[in-house]
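Remarks on the structure that follows.
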Protein chains: 2
Amino acid sequence: MAIQDRKERQLAEREQLFLSAAREQICQDGLLSLQMAKVARACDYATGTLYQHFASKEDLLVAICSELVDKRVEIFNRLVTWDAPTRERIFGIAVGDIIFAHHYPEHFRLAQFVFTEVVWQAASAKRRQQLLETSKPMGDAVQRIIEDAVAAGDLDPHGRPLLEMTLGQWTMTLGMHNLVHAEGVLELYNLRDPYRMLLRQLNALLNGLGWQPQQDPFDEQALEALVQRIQRNVFADLCQDQNGCKNL
Amino acid sequence: MAIQDRKERQLAEREQLFLSAAREQICQDGLLSLQMAKVARACDYATGTLYQHFASKEDLLVAICSELVDKRVEIFNRLVTWDAPTRERIFGIAVGDIIFAHHYPEHFRLAQFVFTEVVWQAASAKRRQQLLETSKPMGDAVQRIIEDAVAAGDLDPHGRPLLEMTLGQWTMTLGMHNLVHAEGVLELYNLRDPYRMLLRQLNALLNGLGWQPQQDPFDEQALEALVQRIQRNVFADLCQDQNGCKNL
DNA sequence: CTCATTTTCTGAACCGGATTCAGAATCATT
DNA sequence: AATGATTCTGAATCCGGTTCAGAAAATGAG
């Protein structure tokens, strides 16, 4: 029945409306001042209507996070299909995450929050399972890169799994993003170029993976060139506007 | 006047009482279910009394965090005065953090939370400054190790600053700790020995610092031996009890 | 020891924000 | 147009942090 379709469409639209209003509020005033009533009001609906879409505030946050994971998966997949030497593709994952962090700052901050015990604990077992499931595609993407590399013969199949690199990279990116957004920290540590520093560290991580034959880490110049190349070839659409990847 | 002294002592004692009750509640039921009234009740005081010590819940959390930073500084300092080759001492910082995470899990989780935007944003500018100041001694400790290393001629004075390693190590440890405490994550990624993995990654980081002459990373065996040695020589007092460093 | 004064403690009251739900409004169908 | 089903509404409820007027305890002078 067509009517049913329309209703579903409207429902989905409104859900998006709520989600983006919530995101906007988070960007604007921070996670702390996100209020259900405000979100509803911003969309010209009553509080109760919002609660028909999301059973709780936590639920809303988790929904935003799911979007986040989807976007991140999309970014991962670009690297998987990118035609380049394996090491560069792997490094690209890290660069992708940084670009992602630039483009969806509220998402990244939220991920930090949601995967932190605070929300994690609040979430029901079922919800947790859901969140974990969502990240499966990301693992698959990484798996595919591993297989390619082993097939190409330039990664030791018995070496330390690439997964370690990925997790390490992820935690470091989250952590760095955290530092960048904590007012005063960069100054205290006199960190002028946090993302560059992150890249250098990732370079060290990458190099420990067990390449065959063993390879030197990228030097500063190679690193710079690589980042440029990745931005141009893989994330061209994201990196054109002025608030894009400038500080990268 | 002696009476004044006694009063101050009692005040300090009660403050400790409140702090440890709060810590216990956090350990028990998580950060989310920490309630001011419960903390007060657990100590047989009324809510208002608790508020004479801490102006707000946030204030209480920050106080717990300050303790945390002190403890961490203490751990750092052990490494600074430990007599061992520079590389081992630096690696020791990482091991120290992991041991610290084992021994004060609630502290570490809290640090994650406090330095996260959520609390950070809520804290007043003055409070933020305070928190940052507290971490100064830690930076000093690291600085001293750098100087020792450069003086001993085994670290390139123009190389990448050790600080980078420290920050990277910190963010990774926080992140890993996070993963370890997020139910289901370890299983999903089939991570059997997360802290070992962390150490391997830190090893890679450490190796990128610019040693003179260039050195190979520790291999698995050397790593294991090193961890044992650090536990025995530097953290003997922390590592004896049964719930100590077992899973390290 | 008693009383006045100061200090400390108490918990009921207040307040903001998440959540609920009884009724109002809208929609679909006959 | 009437009726029943669905959706929307926002006032009411609940919960937990915070406050503050008064109760209780401590102090010190007489």
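Below, chains carry the letters A, B, ... as their sequence lines are ordered, and counting in each starts from 1. The basis for the numbers below is simple: all heavy atoms, side chains too, and nothing from hydrogens, waters or symmetry mates.
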> To the nearest Å, how far apart are B/L61 CG and D/dG17 C1'?
Replying inline: 12 Å
> A/L11 has an atom CG; how far is it from atom P of D/dT7, in whole Å?
Replying inline: 8 Å
> When you match B/Y51 and A/G48 each to their closest nucleotide on DNA chain D, which lands nearer the 5' end?
Replying inline: A/G48
> Is the distance from OP1 or OP2 of D/dT27 to the nearest side-chain N or O of B/R6 less than 4.0 Å?
Replying inline: yes
> Can you name the nearest heavy-atom pair linking A/V234 to A/R78, along with the distance?
Replying inline: O-NH1, 3.0 Å
> When all nucleic acid strands are considered with a 4.0 Å heavy-atom cut-off, which category describes B/L34: base, sugar-phosphate, or nothing?
Replying inline: sugar-phosphate
>> I need the NZ-C1' distance between A/K7 and C/dA28, as an integer number of Å.
In response: 7 Å
> Under 4.0 Å between a side-chain N or O of A/T49 and OP1 or OP2 of D/dT9?
Replying inline: yes
> Can you tell me how far C1' of C/dG11 sits from CE of B/M36, to the nearest Å?
Replying inline: 15 Å
>> Using whole Å, what does the distance between atom C1' of nucleotide D/dT19 and atom CG of B/L50 come to?
In response: 13 Å
>> For a 4.5 angstrom cut-off between non-hydrogen side-chain atoms, does A/I75 reach A/D97?
In response: no
> Given atom CD of A/Q52 and atom P of C/dC21, what is their separation to the nearest angstrom?
Replying inline: 14 Å
> Considering all heavy atoms of both residues, which atom of B/A55 and which atom of B/D59 are nearest to each other, and what is their separation?
Replying inline: N-OD2, 3.5 Å
> Of the non-hydrogen atoms in B/L202 and B/A94, which two are nearest, and what is the gap between them?
Replying inline: CD1-CB, 3.3 Å
>> Go nucleotide by nucleotide along DNA chain C from the 5' end; which of A/A37 and B/A46 gets its closest nucleotide reached first?
In response: B/A46
> Closest approach of B/K57 and B/L34, non-hydrogen atoms and distance?
Replying inline: NZ-O, 2.8 Å
> Over how many whole Å does the gap from A/Q10 atom CD to C/dT26 atom P extend?
Replying inline: 15 Å
>> When you measure from the side-chain N and O atoms of A/R14 to the phosphate of D/dT7, is any distance below 4.0 Å, counting only OP1 and OP2?
In response: no
> Separation of B/H53 atom NE2 from C/dT10 atom P, in whole Å?
Replying inline: 10 Å
> C/dG17, D/dC8, D/dG16: which one has an atom nearest the side-chain heavy atoms of A/Q35?
Replying inline: C/dG17
